[in-house]
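Structure, as structure tokens:
Small disclaimer: the values here were computed from a predicted structure and weren't measured. Worth knowing before you read on, the calculation uses all heavy atoms, side chains too, and leaves out hydrogens, waters and symmetry mates. Indexing begins at 1, ligand by ligand and atom by atom, following the structure's order.
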Amino acid sequence: MTDPTLEFTADRAARLAAEGWGLDVRAEALAGEFDLNFLIQAENRDRYVLKVSPVDADRESLECQIAVLRHLRESPVASLVQRAVPTVTGSDLLEAKDDDGQPRWVRLVSYLEGIPLVELDRRPPRLLEEIGATIARLDLALRGFDNPGTRRPLLWDLTAMPRLRRFAGFIADSARRELIESRIERFDRVVAPRLGELEYGVIHNDANDRNLLVKIEDDGAPRLGGVIDFGDMLHTAIIAELAIATAYLMLDRDDPLAAATSVVRGYQTVRPLTAPERELLPELVIARLVSSVLMSAHGRHRDPGNTYLQISEAPVWRLLERMTMIEDSRIRDAVEKGCRSTTTLSRSADEILAIRRHHIGRNLSVSYSEPLKIVRGEGQYLYDHQGRRFLDLVNNVCHVGHCHPHVVAAGQRQMAELNTNTRYLHDHLAEYALRLTDAFPDPLSVCFFVCTGTEANDLALRLARTHTGTREIIVLEHAYHGHSPSLVEIGTYKCEGPGGEGLAEHAHKAPIPDAYRGTHRGPDAGARYADEVRKMVATLSAADRPPGAFMAESLIGCGGQVIPAEGFMAGAFNAVRSAGGVCIADEVQVGFGRAGSHFWAFEALGVIPDIVTLGKPIGNGHPMAAVVTTPEIAESFFTGMEYFNTFGGNPVSCAIGLAVLDVIESEDLQEHARVLGEQFLDGFRDMAPRHRLMGDVRVLGLFLGVELVRDHSTLEPADTEASRVIDAMRDRGFLLSTDGPLHNVLKIKPPMVLSSGDVAAVLENIDDVLTEIEAGP
Ligand code: PMP
């Protein structure tokens, strides 16, 4: 440790703040273990901490600490971490020389109010739970943060605790030394062989009671005010974060096990532990105490006069010795109690199924014969209650990735500020309407904000009807557009399926423009399917019932992941428009860049609809949807009857919608979809000759359908084989599903943040699974 004698005085700190940050300030020395810290009071009363690094500081590590603060500004824990302030020249670090002419790195961060937790004796369970929940949030927010500074060997790496064994010799008391040696031996035996089962990521790695700040609320209750000091940050087992916090929060408590239960309970509500994490946590808590006394012994050996070390290690020894008296099973029970007591989170699959049977309408089936209990999502992955990870290949709702931190933070921020309805003026609604309509070709420029795809399509029907004066509509076979009566009666997927009452009189179905299996095949299939629509229009017009609308998904989902045969859409639009009808593109599933080549799938088909409906990906899982139409159609709808939607377009939804657009743009997800689509197409084409089951492969960006057939000339659908592929892939950690009227199409429409490595893994596993199934029996 560097001797913190003050070559740097408070006056000098004030001068540095002026030089580097243009601040006219007073400075005052603060305590600090490694850095020299100064409290800086600016004239406008803003407060900062000026940190002068020790002489041997590693620049990479300092830059990493600044980078993480930047990363976390965009996260749900932003208010609990300091803000790094760049110098007037825009750099992160200012170089200053100390009295010996050695370079010292100076940085400035915002000051967080609060006292270190170590100074607070009264710690109600609520505070401990809040701390647990916050560090879990911090761990989630640190996902996606990578920096070379986090991947260094560090003595404080809990997963490598036995490396400190060499310091045991510095423990003078033989009983204590033996205790430590037996604990290290236990770590080697019980923990080390299972480290591979844990999940790894970047963690703060030192949530001790000096690095947690608390504030006292007006009602006297202590609340967590901040987490400081990212100097020990490390890429390691994520559960080490909770183990470290738990160890320190148990120090000098009358009932350390109850304290542990509270912290774990808080953590579990935000980031449920996996089974290996639950099992190893008690061991890791003790391992941290062991690390601490070994590091103190080492420090004392190097610096025998350091009384600080002796004071700080005393409570650790007290706890360690006390824990050794407590049976390990009681420590495990305390952890289990913390995990269990978030009752609603820990019901078994059977219990949940029983509750669903009694209290949730039975029309809702669950995926898989052995249903999954998914407890967490991140990016393209879903995690079940046992910590198993699955690659999600079907959720096109979480478009920019499950729980994308930018989207989550936008929603949380706005939720904490205001949520009202659209009868008040709000910047977000205006901004979102501009951003959204900017993404559309002319003349699509007027929005209506709603909450679900069903609402959007229902409103689209009303717009078309008011504009044209008729309900007559042409739809595609096997279409699904929503669950309201107005949509069930025109969607044959529902109204001609079980429990259906048949197509409404005003609805007329045209065949799916499927050039592989349908009645028209080959290069001019699109034109011939469009002719069918033209004939329907003629027949309807002759009967004095010209269609007011044509409604279709731009890329056909329930109909079997079909990309409409070339030229169909333009031909159908022409036919319907020539009879005075309007064209509605349902982009609820396929909009927002999924098609890769274009932002909207209709653009890839070379058409411009009159009404477009949006849903699913628009809010990345937040319930929001929209209708975008032309000024002319919007004007027709302005009949005097108000259109008010309680939740549609509220400030929270708009904040989320804006954040989704930000991410699509900043992560270049449309282009990413195009590139991955090509990788999928090449891969499937490559394996097709090896698999007799593989029929048609349809790919447009990240919209894919792979049709399985038993016979390439009769196209006999391989439906049971398709189900077997789905089940086998699930066992291998991939979630996908089947679709189409014949249930023989493998459907892939993943979150857009899938990686190229994921695509390669999907291809390899489908290849294997098909080989197994084709081999029989
Ligand atoms: N249109 C299409 C094409 C859909 O796939 C869906 C939902 N599966 C809807 C509309 C209805 O959307 P929601 O479930 O949000 O009402």
Short N/O distance, under 3.5 Å, between Q589 and ligand 1?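 For ligand 1, there is an N or O atom that lies under 3.5 Å from one belonging to Q589.
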Which protein heavy atom lies closest to [atom], and at what distance to 0.1 Å?
atom: atom 10 (C) of ligand 1; answer: H481 O, 3.2 Å
atom: atom 2 (C) of ligand 1; answer: D586 OD2, 3.5 Å
atom: atom 3 (C) of ligand 1; answer: E553 OE2, 3.1 Å
atom: atom 12 (O) of ligand 1; answer: G453 CA, 3.3 Å
atom: atom 14 (O) of ligand 1; answer: T454 OG1, 4.3 Å

Please check this pair: side chain of D727 against backbone of R724, looking for a donor-acceptor N/O pair closer than 3.5 Å.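 Absent.
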Output the list of atoms in ligand 1 that are nearer than 4.0 Å to some heavy atom of N457, sorted by atom number.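 Near N457, meaning under 4.0 Å from one of its heavy atoms, ligand 1 has 1 (N), 10 (C).
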Which of the atoms of ligand 1 are close to T452, meaning less than 4.0 Å from one of its heavy atoms?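 Counting from 1, the qualifying ligand atoms are 15 (O), 16 (O).
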Over 60° means perpendicular and under 30° means parallel, so tell me whether F684 and F680 are parallel, tilted or perpendicular.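 Plane angle under 30°, so parallel.
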Classify the ring geometry of Y529 against H520: parallel below 30°, tilted from 30° to 60°, perpendicular beyond 60°.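 Y529 vs H520 ring planes: perpendicular.
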Are R389 and D384 close enough, and set up right, to give a salt bridge (Lys or Arg N to Asp or Glu O under 4.0 Å), and what steps lead you there? CA-CA 7 Å; R389 192 178 85 165; D384 77 358; over 6 Å; no
Any salt bridge between [X] and [Y], counting N to O under 4.0 Å?
X: R413; Y: E417; answer: no
X: D668; Y: R674; answer: no
X: E351; Y: R356; answer: no

Side chain, backbone, both or neither: E455 near ligand 1, heavy atoms under 4.0 Å: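 Neither part.
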Proximity winner for atom 4 (C) of ligand 1, if only heavy atoms of K616, M624, E587, H483 are counted: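 That would be K616.
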